[in-house]
2 protein chains.
Amino acid sequence: MLVKEKVDQALALLDEFDVDCWLTFTRESEICGDPTVEFLLGSYVTWHSSFILSRKLGAAAVVGQYDRAAVEDTGAYGRVESYVKDFKPPLLEIMKEIDPRTIAVNWSVTSEIADGLTHGMYLTLVEVLGSIGMADRLVSAEQLVGALRQRKTDTELAAIKGAIADTEAVYGKVAGFLRAGVTERDVAAFVAAEFAKLGVDTAWQADCCPAVFAGPNTAEAHYPPTDRVIEPGHVVSMDMGTKRDLYCSDLQRTFYILAEGETDAPDEVKRAFAVLTESIERAVATAKPGVTGVPVDAACRDFLRAGGYDEFPAAVGHQVGRYAHDGTALLGPEWEKYGQKVHQPLEPGMVFTVEPRISVPGRGIVTVEDMIVITESGAEYISTPQRELILIGS
Amino acid sequence: MLVKEKVDQALALLDEFDVDCWLTFTRESEICGDPTVEFLLGSYVTWHSSFILSRKLGAAAVVGQYDRAAVEDTGAYGRVESYVKDFKPPLLEIMKEIDPRTIAVNWSVTSEIADGLTHGMYLTLVEVLGSIGMADRLVSAEQLVGALRQRKTDTELAAIKGAIADTEAVYGKVAGFLRAGVTERDVAAFVAAEFAKLGVDTAWQADCCPAVFAGPNTAEAHYPPTDRVIEPGHVVSMDMGTKRDLYCSDLQRTFYILAEGETDAPDEVKRAFAVLTESIERAVATAKPGVTGVPVDAACRDFLRAGGYDEFPAAVGHQVGRYAHDGTALLGPEWEKYGQKVHQPLEPGMVFTVEPRISVPGRGIVTVEDMIVITESGAEYISTPQRELILIGS
């Protein structure tokens, strides 16, 4: 059971980060719940719920009566308290038993994945813990939550590889469907049908998964397919991912639509593709434990810039996990909006995308997104990297 | 377009609640985003994003470059600023132009639907607004967010009614499938296939939608179907809902499996069902604008208790909307865990469930969940209330 595996991993992290007590505190977790609950329970909770991991008591939970059975079924909690009218008495009893020096809770300025505690729930916690003199013990659990989410277990990595295989299989079929005359929406409908045949979900919101960008002057990213018609002489780029066993893939591929009489892509497209894929290799060669995201991003970005191309307006890679965008550590430049994410050292078990892009005037967006895992000694591909433009006969 | 309809509604609410400026501030909204973004944009945002509604500037947004087109497409924003490296300069420029007395943001101790601002994002906002001397202007937007979500427009109400019709149609088919000898899981698989035929999603997590409780001694609520076999002489209760055009339904129905030689349910089951449905009528007759949830819940709860039945361990009704559990105002008792929710006056346009339950020893759970909308003068059913036990031949 994955929940037990992750809860056990979290208990071990208490020692590593010298955390006495880690408290995840949430309610109606389907609506704006803490994303960490996906690891601690694997289903939604309704009323105010507390998941308390401590060196003294191990894993304990305080949940509403209707959620008790689901928590017990995980086999991960040595102690489950449930309530009907008021969560405070059982929570306070456990906190008094533990009497921790500090209580790590899920807030983070740096990272959304460690920032599942809403401000209203923070205020509630300050009041409730204040009643037993513990309000000033609250600290951020950012490091622990980050490690739990980012250091993928073998089970998690296998799920991601499964999702990659699904997406690669569908890309293979897309190559047989793409042709001049079909629209971005036609391609998206074809992909949706293939996903349905496989019985897989999209890795992100379905209206942008797949994203399909036909030719020049498109929205470039994060935009649904349109009625734009694929034309000969244009580049088509796609971005899609699937979810298998709760974990995502996220891959981009680039196709070129041959114009009449052409047997290969024009030089400017071929050159952009060659520089792009070499820039990915440079990033992957730089990634290893202990290095931060900045030099990895720079290895790619600088190579593109030296090749005469514009900088892409985003980090070169993000982590992938339960969500297509996951984790704290990011392969990005020192831009204000990325804050501390790009200064986090990489660790074995982190899974990243590498996804630079080049806009070729009059042709379209050349973009490839591969996926890697950080290993003890470096990084290795877990997708099959695209190293040739996919040529489509017109 | 629903987004424009809700943004226009929100602009009108600024006057009603005397709010100078309402700021929704979120990032990576798929992961632990503010549920209010579903109304303000209708898709996910990636980087730090601000949706700013003010009497002075109308509707404005500051989003990452990749999200700009999606915001513009809503037609709801008079001003859209996008950025690549840092969200602060465009946000601060707009805030300086508005120079509001107070800045209402989405936190709430009372209500999860108005509590979309995470604590990390709150700290970010305090720092960023502090740089222009506005940090002490932050106040809770709970009232405005609640009204926006709870006062359903005609478009929203039509979507909910569509979802109710879908669920009622599937319940009709379930009555033809249910019989002694099939398991809870068999029933769930049948329902899943019917949902797929209709092309609808489940209103909550699929492993508990439908919930199926066959006979006595089940988990009673919030628990996935099991291999328990449906037996003659037992009550089967079900809880399920569908989603159509983004809005949910949530309905429970009770079936009785006739034992050999029986032509009707036994007296204790019939009596429980009669008391239960009358208790629903009492609650519905009490619900009207200006009344709070406490007397509505009490009308139902007291009638059950007077009939000699145990109290059910939950509020008698919750709102329904984008989620099966939605809104702030709640039809519930004055229990600590419900806080201020049960003291909110009901308003026209709110959609509630009414769902008492009675456990009949040796038989199972008798439970009916209907849906109502609050009108100017009272409340009316928007589902077809179950007023007869559904008898299943063995």
Side-chain angles (χ1 to χ4, degrees), chain A residues 27-28 30-35 43-44 46-48 64-70 83-88 105-124 127 140 142 204-205 207-208 219-224 313-314 322-326 333 335-337, chain B residues 27-28 30-35 43-44 46-48 64-70 83-88 105-124 127 140 142 204-205 207-208 219-224 313-314 322-326 333 335-337:
Chain A
R27 61 178 163 182
E28 285 288 358
E30 187 180 6
I31 295 182
C32 52
D34 189 321
S43 60
Y44 297 120
T46 303
W47 298 318
H48 288 70
Q65 177 178 306
Y66 285 164
D67 294 322
R68 180 183 185 99
Y83 68 90
V84 169
K85 297 191 177 177
D86 188 359
F87 69 93
K88 292 191 282 292
V105 295
N106 304 349
W107 87 63
S108 168
V109 168
T110 301
S111 174
E112 59 282 345
I113 60 111
D115 193 30
L117 182 71
T118 60
H119 187 55
M121 290 293 273
Y122 169 81
L123 295 175
T124 300
E127 190 186 324
S140 165
E142 179 184 310
W204 57 90
Q205 63 185 62
D207 67 344
C208 295
E220 295 197 7
H222 297 197
Y223 199 75
R322 297 269 180 149
Y323 298 93
H325 290 181
D326 208 299
W335 292 346
E336 187 65 27
K337 75 174 170 199
Chain B
R27 62 179 163 180
E28 286 288 357
E30 187 180 7
I31 296 182
C32 53
D34 189 322
S43 59
Y44 297 120
T46 303
W47 298 317
H48 288 71
Q65 177 177 307
Y66 284 163
D67 294 322
R68 180 183 186 99
Y83 67 90
V84 169
K85 297 191 177 178
D86 188 359
F87 70 92
K88 293 191 282 292
V105 296
N106 303 349
W107 87 63
S108 168
V109 168
T110 301
S111 175
E112 59 281 345
I113 60 111
D115 194 30
L117 182 71
T118 61
H119 187 56
M121 289 295 272
Y122 169 81
L123 295 175
T124 299
E127 189 187 324
S140 166
E142 180 185 309
W204 57 90
Q205 64 186 60
D207 67 344
C208 295
E220 297 197 6
H222 298 196
Y223 199 75
R322 297 270 180 148
Y323 298 92
H325 291 181
D326 208 299
W335 292 347
E336 186 66 26
K337 75 174 170 199

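What you see is a predicted model, and the numbers here were worked out from it, not measured in a lab. Labels below follow one simple rule: chain letters A, B, ... track the order of the sequence lines, proteins then strands, and each chain is numbered from 1.
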Per-residue contact mode, A:Y122 against chain B (heavy atom under 4.5 angstrom): side chain

Counting distance only, does the side-chain N/O of [X] pair as donor-acceptor with the main-chain N or O of [Y] below 3.5 Å?
| X | Y | result |
| --- | --- | --- |
| B:D115 | A:T118 | no |
| B:Q205 | A:Y44 | yes |
| B:E30 | A:Y323 | no |

Residue among [options] with most heavy-atom pairs under 4.5 Å to chain A:
| options | value |
| --- | --- |
| B:I113, B:D326, B:V84 | B:V84 |
| B:W107, B:Y83, B:W47 | B:W47 |
| B:E336, B:K85, B:H48 | B:K85 |

For chain B, the option from A:G33, A:A324, A:S111 that forms the most heavy-atom pairs under 4.5 Å: A:S111

Distance (rounded to the nearest 0.5 Å) between A:S43 OG and B:Y223 OH: 10.0 Å

From A:M121 atom CE to B:H119 atom NE2, the distance as rounded to the nearest 0.5 Å: 13.5 Å

Qualifying residues under side chain to side chain contact (heavy atoms under 4.5 Å, CB included), relative to A:T46, sequence neighbours excluded: A:E28, A:D67, B:H222, B:H325

Nearest non-hydrogen partners of A:C32 and B:E112, listed with the distance: SG-O, 3.3 Å

Taking every non-hydrogen atom, the tightest pair across A:S108 and B:R27: O-NH2, 2.8 Å

